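Okay, structure first, notes after.
Everything numeric in this text was worked out from a predicted model, so none of it was measured.
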Amino acid sequence: PSRRARPKSVTLSVPSLLDPPPNFTPCGTPLMTTGTVSKSLRDAAERGSVGVFVIVIAASFLIMVGLAVDVSGHLHAMQEARATAREAARVGGQQLQTPTGVRGLGAVADPGQAAAAAQAYLASAGVAGSASVTGPASISVDVTSVYPTKFLSIVGVPSLSATGTAQARITRSVEGV
């Protein structure tokens with residue numbers, strides 16, 4: 001006897017447009033299963049994270065540029081102070097005691113005139129400083145100037161001091177003073 005297999009009954013359900021989605025809750029948030037986070041919650045938590053990253057990088061870049069501007073300006077001010085000190089020392093070194101030089105006894109600085117000439121040069125250059133004759137054949141000049149900061153003033157550093165020191169020695173040439 002042949003037994004014929006009976007077909008099983010199959011029930012098909014077609015969702016209606018009024019049926020809620022499978023993960024629907026009354027408050028509108030998707031259901032979470034144990035150990036997983038819904039994609040929309042993960043996206044909401046990371047929303048704006050690129051904006052914060054860009055802000056941090058941009059602020060860091062501005063700080064670095066500001067420091068570079070102020071440090072380079074300070075270095076330039078220090079170079080200018082040293083150059084001004086060298087020039088003032090040279091001017092002071094040209095002030096010699098005439099009788100000693102004329103007699104061929106050597107080149108000796110006139111202390112009063114040398115310091116006054118170096119101070120006059122500093123005044124004409126618009127910087128503060130001091131000049132002194134440190135020996136019969138040498139003049140020393142110290143210069144102090146101020147660099148007004150551009151970016152550091154934002155954090156309370158309005159200026160940086162720039163100093164320069166130079167010394168000029170008076171030497172005698174082979175055939176004269």
Side-chain angles (χ1 to χ4, degrees), residues 37 39-177:
V37 177
K39 182 174 175 13
S40 64
L41 282 180
R42 189 170 50 241
D43 289 345
E46 293 178 2
R47 185 176 199 94
S49 63
V50 172
V52 172
F53 177 74
V54 168
I55 289 171
V56 168
I57 294 298
S60 300
F61 181 73
L62 284 175
I63 290 170
M64 297 296 276
V65 167
L67 283 175
V69 166
D70 282 340
V71 166
S72 65
H74 184 239
L75 289 174
H76 179 70
M78 289 174 55
Q79 288 175 340
E80 287 293 318
R82 285 192 297 269
T84 304
R86 283 192 297 267
E87 289 300 318
R90 284 187 193 113
V91 168
Q94 293 173 352
Q95 308 304 315
L96 303 175
Q97 290 180 354
T98 307
T100 308
V102 170
R103 286 187 296 218
L105 299 175
V108 177
D110 185 342
Q113 287 182 355
Q119 285 289 62
Y121 184 86
L122 294 176
S124 69
V127 296
S130 63
S132 61
V133 177
T134 55
S138 67
I139 293 96
S140 179
V141 177
D142 296 318
V143 172
T144 302
S145 64
V146 176
Y147 169 71
T149 59
K150 310 286 188 269
F151 288 92
L152 288 176
S153 60
I154 295 170
V155 293
V157 181
S159 63
L160 296 171
S161 176
T163 59
T165 302
Q167 193 170 26
R169 287 190 336 230
I170 302 169
T171 58
R172 184 176 174 172
S173 65
V174 177
E175 292 291 325
V177 178

Apply side chain to side chain contact (heavy atoms under 4.5 Å, CB included) to Leu67 and Leu152, showing your working.
CA-CA 7 Å; Leu67 283 175; Leu152 288 176; 3.9 Å; yes
Residues forming a side-chain contact (heavy atoms from CB on, under 4.5 Å) with Arg169, sequence neighbours excluded
Ser138
Expected output: side-chain Asp142 to main-chain Gly129 donor-acceptor under 3.5 Å:
no
For a 4.5 angstrom cut-off between non-hydrogen side-chain atoms, does Leu160 reach Val146?
no
Nearest non-hydrogen partners of Leu122 and Ser130, listed with the distance
CD1-N, 4.0 Å
Roughly how far, to the nearest 0.5 Å, is CD of Gln95 from CD1 of Ile139?
9.0 Å
For Thr144 and Val127, run side chain to side chain contact (heavy atoms under 4.5 Å, CB included): C-alpha distance rounded to whole Å, both residues' side-chain angles, the deciding distance at 0.1 Å, then the answer.
CA-CA 7 Å; Thr144 302; Val127 296; over 6 Å; no
Do side-chain atoms of Thr149 reach the backbone of Ser153 as a donor and acceptor pair under 3.5 angstrom?
yes
Ignoring hydrogens, what is the shortest heavy-atom contact between Ala77 and Ser145? Give both atom names and the distance.
O-OG, 4.1 Å
Shortest non-hydrogen contact from Gly92 toward Ala114
O-CB, 3.2 Å
What distance do Tyr121 atom OH and Arg90 atom CZ have between them, rounded to the nearest 0.5 Å?
9.0 Å
Pair Phe151, Leu62 - check side chain to side chain contact (heavy atoms under 4.5 Å, CB included), show working.
CA-CA 9 Å; Phe151 288 92; Leu62 284 175; 5.9 Å; no
Is the backbone N or O of Pro148 less than 3.5 Å from a side-chain atom of His74, with the two atoms forming a donor-acceptor pair by type?
no
Looking at every heavy atom in both Ala118 and Ala88, which two are closest together, and how far apart are they?
CB-O, 3.5 Å
Step-by-step side chain to side chain contact (heavy atoms under 4.5 Å, CB included) determination, Gln167 to Val141
CA-CA 6 Å; Gln167 193 170 26; Val141 177; over 6 Å; no
Shortest non-hydrogen contact from Thr163 to Arg82?
O-CG, 4.4 Å
Return the OG to CD1 distance between Ser60 and Ile55, rounded to the nearest 0.5 Å.
11.5 Å
